[in-house]
Amino acid sequence: MGSAAAIKQCADIVIRHAKSENIIAVVSAMQGVTDILVQSVEQAAAGEGRHFKNNAEVLRRRHFETVAGLNLRDPGIEIKRAIEENIVEFVTLCHAVHVLGEVTPRALDAVVALGERMSVHLLAAAICQSGQQSVAVDSGDFLITDDHFQHANPDFIMAKKKALQKLLPLLKKNIIPVVTGFIGKTKDNVTTTLGRGGSDYSAAIIGNILNSKKVTIWTDVTGVMSTDPRIDATARTIPRLIYREVAELAYFGAKVLHPKCIRPALENGAELRVKNTFAPDEAGTEIVPDMQQPPGTIRAVTSIPNLSLITIAGTGMLGIPGVAARAFAATAKSKTNILMISQASSEQSICFLVKEKKAERVIALLKLEFAQELKNRDIDAITSTTEVVIITAVGAGMQYTPGVAGQVFSVLGKNKINVIAIAQGSSECSISFVVSMEDEKKAVHCIHSLTQN
Ligand code: ASP
Ligand code: MG
């Protein structure tokens, strides 16, 4: 949903499929809009009184220009009014947050949900434009969730009951519902969201509760790729992936589909595909529960750059229980996500990876936590190695297959790439290792040359 042209393209796809199937379209916000909403409310909470007002203007212009770009037969007055209502709400909410000087997860959800509440009208209008009936539907009307704001969990039973009432009558009348992704409501009618990138999850939930035959995630790349094409131009679309492989890939930064969407989509035996809006005839990637594959196959490789490796080292750490727990608790205090952990069985050191910009704060907190141990020299040093990257090789076929790690590390060795740390999840679906940023490209190339699809 990046531009009027992209929305028209989405409408074409919907209409084409609607000729032979019942379609429900689930939309995300226009590209970048959710980020603007998040920033606005955060800035308002931090005491900035002007930022959100400027952004209201940015959002209005962006959506109104898109309405204009759709060249609607009627001048789009209704849609503009609906969008304007959301913008007024945006300003009101940001203003309240600004006055209070803080933002709760609940208020944040109320604001970020507005992106989808605006975009939904655009696609519905684009579909109507070509003579097919369509209406915008607020998923808050049926997608009941708990009150974990920012990461709400659907109540499948309640949602099903309400979705059947709301959506089936539309489908029966041949009206295509265009539904807001990402958002729900508690049973007390308070807006929630399912987590960033959650519109895929919404589609899967709706597919699940309506027993759909297909859930297709339309994005701007052709399915899930064997690596990032910007790093390795020989990257290919992977035709089929299994559930567990996607989970590993999604976690390690391949942002094509939300990991939570897989289970509800596949549970009822639906076909789950990731396809490219701009190349709709390409098959994309199919996600299946399981499949036979040659032992030892590496399917894809990902990298997460701009990380720091934090190391806590000391001969006195041996056998002291709780060092890891205390280290992670101290790290959690700085609201830092740990991306990988590795500890050797000698227990002389423990290391983990965090985003580079968090490293300084984490080290400070660790030094505070372990002040006594540092003084006693049980811990010799708490240090960070900056400019490192995690490279991950993914493939369910690596499970139970000896020699894959050997293959991975010998190709790195042959190419003179120094490996700083290693970790393998016990699912054996992936092997991760850390190299310096300057080796990122070369390491991705090396591992990618081992992939098979
Ligand atoms: N608009 C939401 C986000 O940016 C949900 C989504 O795009 O899937 O996170
Ligand atoms: Mg997405």
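Remember, predicted model here, so these are calculated numbers, not experimental data. Atoms within each ligand, like the ligands themselves, are counted from 1 in listed order.
- For the salt bridge (Lys or Arg N to Asp or Glu O under 4.0 Å) test, no residue two or more places apart in sequence or in another chain qualifies with Glu42.
- The environment of Lys442 atom NZ is dense: over 12 non-hydrogen atoms of other residues, nucleotides or ligands sit within 6.0 angstrom.
- Here Asp141 does not pair with Lys162 in a salt bridge; the nearest charged N to carboxylate O distance is not below 4.0 Å.
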Contact table, ligand 1 N/O with protein N/O, distance under 3.5 Å:
| residue | atom | partner | partner atom | Å |
| --- | --- | --- | --- | --- |
| ligand 1 | 1 (N) | Thr34 | OG1 | 2.7 |
| ligand 1 | 1 (N) | Glu116 | OE2 | 2.6 |
| ligand 1 | 4 (O) | Thr34 | OG1 | 3.2 |
| ligand 1 | 4 (O) | Arg196 | NE | 3.4 |
| ligand 1 | 4 (O) | Arg196 | NH2 | 2.9 |
| ligand 1 | 8 (O) | Gly197 | O | 3.3 |
| ligand 1 | 8 (O) | Gly198 | N | 3.4 |
| ligand 1 | 8 (O) | Ser199 | N | 3.0 |
| ligand 1 | 8 (O) | Ser199 | OG | 2.5 |
| ligand 1 | 9 (O) | Arg196 | NE | 2.5 |
| ligand 1 | 9 (O) | Arg196 | NH2 | 3.4 |
| ligand 1 | 9 (O) | Gly197 | N | 2.7 |

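- Salt bridge annotation for Lys214-Glu271: absent, with no cationic side-chain nitrogen under 4.0 angstrom from a carboxylate oxygen.
- Between His258 and Tyr201, the angle of the ring planes stays under 30°, which puts this pair in the parallel group of the 30/60° scheme.
- Under the 4.5 Å side-chain criterion, counting only non-hydrogen atoms from C-beta, Ile447 is in contact with Phe433.
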